[in-house]
Amino acid sequence: MLSFDFEYYKPASIDEAVQLFQSLDRQGKNPSYISGGTELITLGRVNKIVTGAVIDIKAIPECLVLEKQGTQLVFGAAQSLTVVREKQFFPLLSKAIVEIADHTARNKITLGGNICANIIYREAVLPLLLTDSTLAVAGLNGLIQYPINDIFQQTLQLDRGEFLVQVITHKQETELPFVCLKKRRQWDVGYPLLTAAALNKNGQIKLAISGLCSFPFRDKRMEYSLNNRSLSMKARIEEAVSRIPAPVLNDVHGSAEYRVFVLENTLQEILAEWEGAGDA
Amino acid sequence: MHNHTSAEITLNINNEDRTVYVRNADTLLYALREKLGLTGAKPGCLNGDCGACTIIVDGDPMKSCLMLAVEAQGKSIITVEGLQNTAIQTEFIDKFAFQCGYCTPGFIMNCHALMTKYPDADDSVIKDWLESNICRCTGYQEIEAAIKAALAAAKGEPG
Ligand SMILES: Cc1cc2nc3c(=O)[nH]c(=O)nc-3n(C[C@H](O)[C@H](O)[C@H](O)COP(=O)(O)OP(=O)(O)OC[C@H]3O[C@@H](n4cnc5c(N)ncnc54)[C@H](O)[C@@H]3O)c2cc1C
Ligand code: FES
Ligand code: FES
């Protein structure tokens, strides 16, 4: 149960949702979009999210699309992680999803909700960064598509009143060989110590990581080091680790040193997958 | 401009339409227990972690602490009160799959949905689904035995 009260709206179109947001915002109701709504409850319970009006996007047809359109795959933001996974359109995304939360929770958590989450992990973002997916965002200027690697900078950079409608991925990218490794301190479910996802495109490794820093990221300089085959495997990993783009988390789930240690071993597993044990 | 933060809604629970007055901020778990007297779904963590509050919504197991009551309008809700003498209930008794019983309704609902959706569920599907619920008393072996026996019984195989 939440301690604060809010109005609840379930618009049936993108335009209605955008207009509702504007009008509720003008009335000072601090409106909030929801898709799965689970984070509204889990963070709202402890007053980390407070809103006077909720706009539920689950009745907007564009947010529920899940189909192949020519050479592209389109995922509606309000589709549950279970449904996206079971569709098996995008094996790396399915693999990342199956490690998020647990089966029952995934029936409610949505793809859009995970991407826009306040929690730091947002593991469904990793496959999208690696495949240079596109995000369709609705706002006062209509529905606009942005490359995820431009619009996702630590968090999804939305203007006030905008919301995520769809994720669009080139089918070709989803067919590339991949590795996705979620490392937890214990148990088989729940949040990671870190999750690393990698894609192999024509021998070049792309890498995205969650749980290492306070946001999920893909870093081109780390990728460059990992792909620098003029160095030994050990040196490539060391150089990649020296290029982590932000402070490494140091919390009750694991010290920064431990996380780096786990990352080094994880990178070794990834390289071994495509290059054998090597000289590390 | 109106300020509607609560409403009278209709929920279809165990094949019966029930009218209930809720705050938009009420979880389905709270509405079921405190407004409708259906106390089978148990409050545990209230945070989506333990599965004690699991019910079935449109055929899928859901943690009722993660759903607002207003979100459940127009959906078919089954709580443990709606199950009677099902295969999984029988097998939970036969296999001694509970001790204190607090987690049991949640497990039963998850297992019942699993059996309905995947009557041929293999070990990996069973593991994936059952990891959603926590039991602090048993060693899970008995619960696993119960779901396997119930699946076998539903197929007419010896359990
Ligand atoms: C038991 C449990 C375990 C979990 N384990 C993991 C895990 O292992 N890994 C992981 O990554 N996450 C995990 N999570 C976190 C979960 O993925 C996030 O909380 C996610 O935000 C929930 O999705 P939702 O659809 O319910 O979000 P919602 O509650 O709908 O929204 C979350 C946030 O995003 C905003 N938002 C939602 N949709 C949109 C949209 N379309 N456009 C713009 N903004 C939007 C909302 O305003 C809100 O601030 C777990 C959660 C639970 C309950
Ligand atoms: S009370 Fe709902 S998952 Fe624990
Ligand atoms: S029987 Fe006591 S928690 Fe499961």
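Since this is a predicted model, take the numbers as computed values, not measurements. Each chain gets a letter, A, B and so on, in the order its sequence line appears, and its residues count up from 1. When reading the values below, keep in mind they use all heavy atoms of this one structure, side chains included, and skip hydrogens, waters and symmetry mates.
- Residues A:Val54 and B:Asn24 have side chains not in contact (no heavy-atom distance under 4.5 Å, counting atoms from C-beta outward).
- The part of A:Leu40 that comes within reach of chain B is its side chain, from C-beta onward, which places non-hydrogen atoms under 4.5 angstrom from that chain.
- For a residue to count as touching a neighbouring chain, one of its non-hydrogen atoms must lie under 4.5 Å from one of that chain's; by this rule A:Leu2 touches chain B with backbone and side chain alike.
- The structure places CD1 of A:Ile109 at 7.0 Å from CG of B:Leu66, a figure rounded to the nearest 0.5 Å.
- No more than 12 heavy atoms of other residues, nucleotides or ligands shown are found within 6.0 angstrom of CZ on B:Phe96.
- Side chains of A:Tyr8 and B:His4 form no contact here, defined as non-hydrogen atoms less than 4.5 Å apart.
- The contact list for residues 115-133 of chain B toward chain A, using heavy atoms and a distance under 4.5 Å, reads B:Tyr118, B:Lys127, B:Asp128, B:Trp129, B:Glu131, B:Ser132 by residue number.
- Contact of the B:Glu71 side chain with the A:Lys10 side chain is not registered, since no non-hydrogen atoms from C-beta on lie closer than 4.5 Å.
- Not one N or O on the side chain of A:Arg45 forms a donor-acceptor pair closer than 3.5 Å with the backbone of B:Asn47.
- Residue-level contacts of residues 75-83 of chain A with chain B do not occur; threshold 4.5 Å between heavy atoms.
- For CG of B:Asn15, the number of neighbouring non-hydrogen atoms (other residues, nucleotides, ligands) closer than 6.0 Å is 12 at most.
- The side-chain heavy atoms of B:Asp60 and A:Lys108, taken from C-beta on, include no pair separated by under 4.5 Å.
- The number of heavy-atom neighbours closer than 6.0 Å to CD of B:Gln84, taken from other residues, nucleotides and ligands shown, is 12 or below.
- Partner of B:Lys63 under the side-chain contact (heavy atoms from CB on, under 4.5 Å) criterion, out of A:Asn107, A:Thr38, A:Asp102: A:Asp102 alone.
- More than 12 heavy atoms of other residues, nucleotides or ligands shown are found within 6.0 angstrom of NZ on B:Lys35.
- Around atom CZ of A:Arg160, more than 12 heavy atoms belonging to other residues, nucleotides or ligands sit under 6.0 Å away.
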